Amino acid sequence: MPNIKLPDGKNINFSKKVNGLEIAEKISKSLAKEALIMSVNNDLKDLSFEIEKDSSVKIFTSKDKEGLETIRHDTAHILAMAVQELFPGTQVTIGPTIEDGFYYDFSRKEPFTQGDLKKIEEKMSEIVDRNETTRREVWNRDKAILHFKKIGEKYKSEIINEIPEGEEVSIYFHGKWHDLCRGPHLTSTGKIGKNFKLTKVAGAYWRGNSNNEMLQRIYGTSWASKKDLENYIKRLEEAEKRDHRKLGKEMDLFHFREESPGSVFWHEKGWNLFQKLIDYMRSKQKAAGYKEINTPEILDRSLWEKSGHWEKFGEHMYTSTTPDDKVFAIKPMNCPGCVQVFNQGLKSYRDLPLKMSEFGKVHRYEPSGALHGLLRVRAFTQDDAHIFCTEDQITEESLSVTNLILGIYKDLGFENIILKYSDRPKVRVGEDKVWDKSEAALLKAVKASKLEYSVNKGEGAFYGPKIEFVLRDAIGRDWQCGTLQVDLNLPERLGASYVDKDGSKKVPVMLHRALFGSLERFIGILIENYSGKLPFWLSPLQVMVIPVSDDFNDYAEKINKKISDTGITSEVDLKNHNLNYKIREHSMSKVPLLLICGKKEVDSNSVTIRRLDSNKQENMELKTFLKKFADLSKAPLN
RNA sequence: GCCCUUGUAGCUCAGCUGGUAGAGCAAUUGAUUUGUAAUCAAUAGGUCCGCGGUUCGAAUCCGUGCGGGGGCACCA
């Protein structure tokens, strides 16, 4: 006689054991129709699960996260089913849900082609139409292992083998097809609907380990309604439109070429943007008490051995042998060079905290498959700094770094920031006592920032705990940018010391910090965030002056000169094209302000502004224009 | 690095099953003198990514190297 408690507090009594569907029917006809799965005392269960004891039950539909996830999970099953019907001999492995969709990994000799995806999709639709009933069975472990071995599913039997003793081995049947699965699942294949799409095929290592066999992964997406699916596809298209590689080309900012994969060839405009960012940060850092330095790009092998990079980082380092057989490495990080600057001359406790910044270009030999436009390169410029301080100064210095970073992100249009705090990993250097102290100091700074943060246990660097700054862009994507790391290792390794109050030599604590991490990467993020429509002050070309016809070329050149003289980056377009053509061309290359001049403007010594993405015309006197935009064209420094 | 995929004019792309390449835009020249997102015409432009092979003949087929893209692994 189970008494079922519903989320709204109501109770329903049943005279005998009852399943989810029956409960839903009792609540309402429409709920029964839409019900997908349920939770019984907070455990997700199939609707067919029979409840014998008093329980709290919640029914989920496609409007709930749980419902949608189950739809995706079922779609993954149906994908596997379709693949095995079409391509007998293909082995199944795992098929979880992921953000916005699902995937399934298969083992099969022949690769799946794009054409196969179409066929598989059709087969999936067919399976949905067949509306095969789902049945759950609990099997004995050994029987299950034997069974999957016998039918040639060695990956499945391997998985079952690793299910802890005592845990149920549940097998889900959709018609005849069956798979080991934890569940829960929908009552039949018809329930998933047809709002799915297979998106791509890719390779993936079995169990995510690069020593293992490479499987074939099919990605897909599945939604509660056709509209949701369409919206998702629109979202992908929107992201594609913002692709910085495409916009970089269109805006003439940079390019890549074969001779130096993963290294940027900056064009005039891109380099202008790059320099603007550096100038801006330079001012901000100066105001925050940093001293900018610069250290060699190429340093002797012995330094890298001492710092530990040779051993820990060697496979990512470019090296160079001179004609007289000396071995140098091109720096992959700036820290050793910076410590050497600290080491030059005696340092006193009075010098601490000593903050040294460096826009250092580093080279790292990244695996070819990792390269991705500006976002993952082999040569990049870090907005790096190292703060030498005492243990007692860690919290205060971390806070001041956090404030600096947040201010800068805000100026650049990012206000949605999350912190990730990582503490000691298993393999590490330094005494636990020192770790205790530095972790506490760093965490205190994290809390004081009042930002949302997550703790990543054991994810810190081997030399110290760290904070990472993650920013969320205009279309909701997260990018990890800044970082702040406590280093309990390097200063000692490289023999850094200062003279304390009592005259004794002490080893300073070093904080590594980067604001964006990589200028190259950050520019990529900026472009995508703004769809190339950068804020006025960052635009590499701020103004394009366009005469209505040749007759006004002189006037156009004259005002272009005046505008340029105020520090605004301006050009004039005297090409033999009509006005419409020029407006289109410069709009597409994302120039924020177009100044049109013709007879009207000459007569009144004025300009007519057309802003990017607006077809309104604003006429104003040249004087007014200069006054209004000269300041806006500069970095927002207080 | 691994799997799949891809590489044709400055850019975007066409070129079926092998017969030494084509469009649009851009460029150049000329005409046009334009008032808010493509004026018209002519001209020029190519080691079809590199190397090797099959073939009478290769942009096309095969091998290999390099680069790009999508993932996986990596992001110390």
Side-chain angles (χ1 to χ4, degrees), chain A residues 98 103 105-114 116-117 199-219 236 240 243 245-246 249-250 252 255-262 308-317 332-333 335 364-373 375-378 380 425 427 459-463 466 468 480 483 485 512 517-518 521 546-553 574-589 591 594-601 608-619:
Chain A
I98 49 173
Y103 65 78
D105 285 349
F106 299 98
S107 169
R108 172 177 180 243
K109 283 237 163 55
E110 297 72 34
F112 291 114
T113 64
Q114 209 60 35
D116 290 337
L117 290 193
T199 49
K200 54 199 168 197
V201 218
Y205 296 108
W206 167 234
R207 309 208 141 167
N209 183 332
S210 56
N211 296 321
N212 289 347
E213 181 196 340
M214 173 87 39
L215 305 169
Q216 294 190 65
R217 176 171 298 178
I218 297 180
Y219 282 94
L236 293 187
E240 210 173 305
D243 193 314
R245 292 167 297 187
K246 179 173 158 273
K249 206 181 266 176
E250 285 171 14
D252 192 18
H255 81 277
F256 290 91
R257 53 173 61 228
E258 283 192 27
E259 290 96 332
S260 189
H309 287 87
W310 194 264
E311 188 206 343
K312 297 244 178 214
F313 202 68
E315 59 177 316
H316 297 284
M317 284 163 70
M333 295 186 198
C335 16
R364 300 179 183 181
Y365 194 72
E366 301 286 358
S368 57
L371 302 180
H372 183 93
L375 302 182
R376 192 81 183 269
V377 287
R378 285 183 174 153
F380 60 96
V427 184
E459 298 271 304
F462 73 91
Y463 49 75
K466 64 179 180 186
E468 272 149 353
Q480 189 171 306
T483 159
Q485 312 182 349
H512 303 248
S518 148
R521 183 175 134 89
I546 305 174
V548 170
S549 81
D550 287 1
D551 296 341
F552 312 106
N553 281 2
L574 302 180
K575 281 203 282 287
N576 185 11
H577 278 130
N578 65 27
L579 182 57
N580 282 340
Y581 183 95
K582 291 181 184 181
I583 286 174
R584 179 178 150 86
E585 183 183 346
H586 302 301
S587 296
M588 289 202 308
S589 68
V591 181
L594 303 183
L595 297 197
I596 318 292
C597 41
K599 183 159 188 320
K600 198 169 82 189
E601 287 75 15
T608 297
I609 305 174
R610 183 197 165 107
R611 293 174 195 257
L612 186 57
D613 271 351
S614 157
N615 50 15
K616 279 201 206 107
Q617 299 174 33
E618 295 170 61
N619 183 266

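Every value quoted in this text rests on a predicted model; they were computed, and no experiment measured them. Convention: sequence-line order gives letters A, B, ...; per-chain numbering from 1.
Between B:U32 and A:Tyr581, no contact under 4.0 Å exists linking OP1 or OP2 to a side-chain N or O. Between A:Arg245 and B:G69, a side-chain N or O to OP1/OP2 separation shorter than 4.0 Å is present. Within the 4.0 Å cut-off from OP1 or OP2 of B:G10, not a single side-chain nitrogen or oxygen of A:Lys249 is found. Considering only side-chain N and O atoms, A:His372 lies under 4.0 angstrom from the phosphate OP1 or OP2 of B:G70. The phosphate of B:U36 has neither OP1 nor OP2 within less than 4.0 Å of any side-chain N or O from A:Asn580. For B:C2, the OP1/OP2 oxygens have no side-chain nitrogen or oxygen of A:Ser210 closer than 4.0 Å. Contact annotation: A:Lys200 side-chain N/O to B:G70 OP1/OP2 distance is not under 4.0 Å.
Among the protein residues, A:Phe256 comes within range of no part of the nucleic acid, since none of its heavy atoms lies under 4.0 Å from any strand. When heavy atoms are screened at a 4.0 angstrom cut-off, A:Ala204 is found touching the sugar-phosphate backbone but no base atom. If you check every strand for non-hydrogen atoms under 4.0 Å, A:Glu601 touches a base. Looking at heavy-atom distances under 4.0 Å, A:Asp550 makes contact with a base. When heavy atoms are screened at a 4.0 angstrom cut-off, A:Glu366 is found touching base atoms of the nucleic acid. Among the heavy atoms of the strands, none lies under 4.0 Å from A:Thr113.
Rounded to an integer number of Å, the gap from A:Lys246 NZ to B:G70 P is 14 Å. The distance from atom CG of A:Asn553 to atom P of B:U33 is 15 Å, rounded to the nearest whole Å.
In terms of position on RNA chain B, the residue among A:Arg257 and A:Val201 whose nearest nucleotide sits closer to the 5' end is A:Arg257.
Taking only side-chain atoms of A:Met214, from C-beta outward, the nucleotide of B:U34, B:U36, B:C3 with the closest atom is B:C3. Closest to the side chain of A:Asn576, out of B:A31, B:C74, B:U39, is B:A31. The A:Leu579 side chain lies nearest to B:U36 when the options are B:U36, B:C72, B:U39. The A:Pro261 side chain lies nearest to B:G68 when the options are B:U33, B:A26, B:G68. Candidate nucleotides B:U33, B:C74, B:A38 were compared by shortest atom distance to the side chain of A:Arg584, and B:A38 ranks first. In the set B:G35, B:C3, B:A37, the nucleotide with an atom closest to the side chain of A:Lys600 is B:G35. Distances were taken from every side-chain heavy atom of A:His577 (C-beta onward) to each of B:C74, B:C72, B:U39; the shortest belongs to B:U39. Counting only heavy atoms from C-beta on, A:Val548 has its side chain closest to B:U34 among B:U34, B:U36, B:U12. With distances taken from any side-chain atom of A:Glu258 to the nucleotides B:G1, B:C72, B:G67, the minimum falls on B:G67.
The base of B:G1 sits within donor-acceptor range of the side chain of A:Tyr205, with an N or O pair under 3.5 Å. Counting distance only, with no hydrogens placed and no angle test, the side-chain atoms of A:Asn615 and the base atoms of B:U36 include no donor-acceptor pair under 3.5 Å. Under 3.5 Å, the side chain of A:Arg610 and the base of B:A37 form at least one donor-acceptor pair of N or O atoms. No hydrogens or angles were tested; on distance alone, a donor-acceptor pair under 3.5 Å links the side chain of A:Arg376 to the base of B:C74.
Under the Watson-Crick or G-U wobble criterion, with both distances below 3.5 Å, B:A27 is paired with B:U43.
Counting non-hydrogen atoms of other residues, nucleotides and ligands closer than 6.0 Å to CD of A:Glu110 gives a total above 12. A 6.0 Å sphere centred on NZ of A:Lys246 holds more than 12 heavy atoms belonging to other residues, nucleotides or ligands.
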Exercise. Which is it for A:Glu618 and A:Thr608 under the side-chain contact (heavy atoms from CB on, under 4.5 Å) test, yes or no, and what are the steps along the way?
Worked result: CA-CA 5 Å; A:Glu618 295 170 61; A:Thr608 297; over 6 Å; no

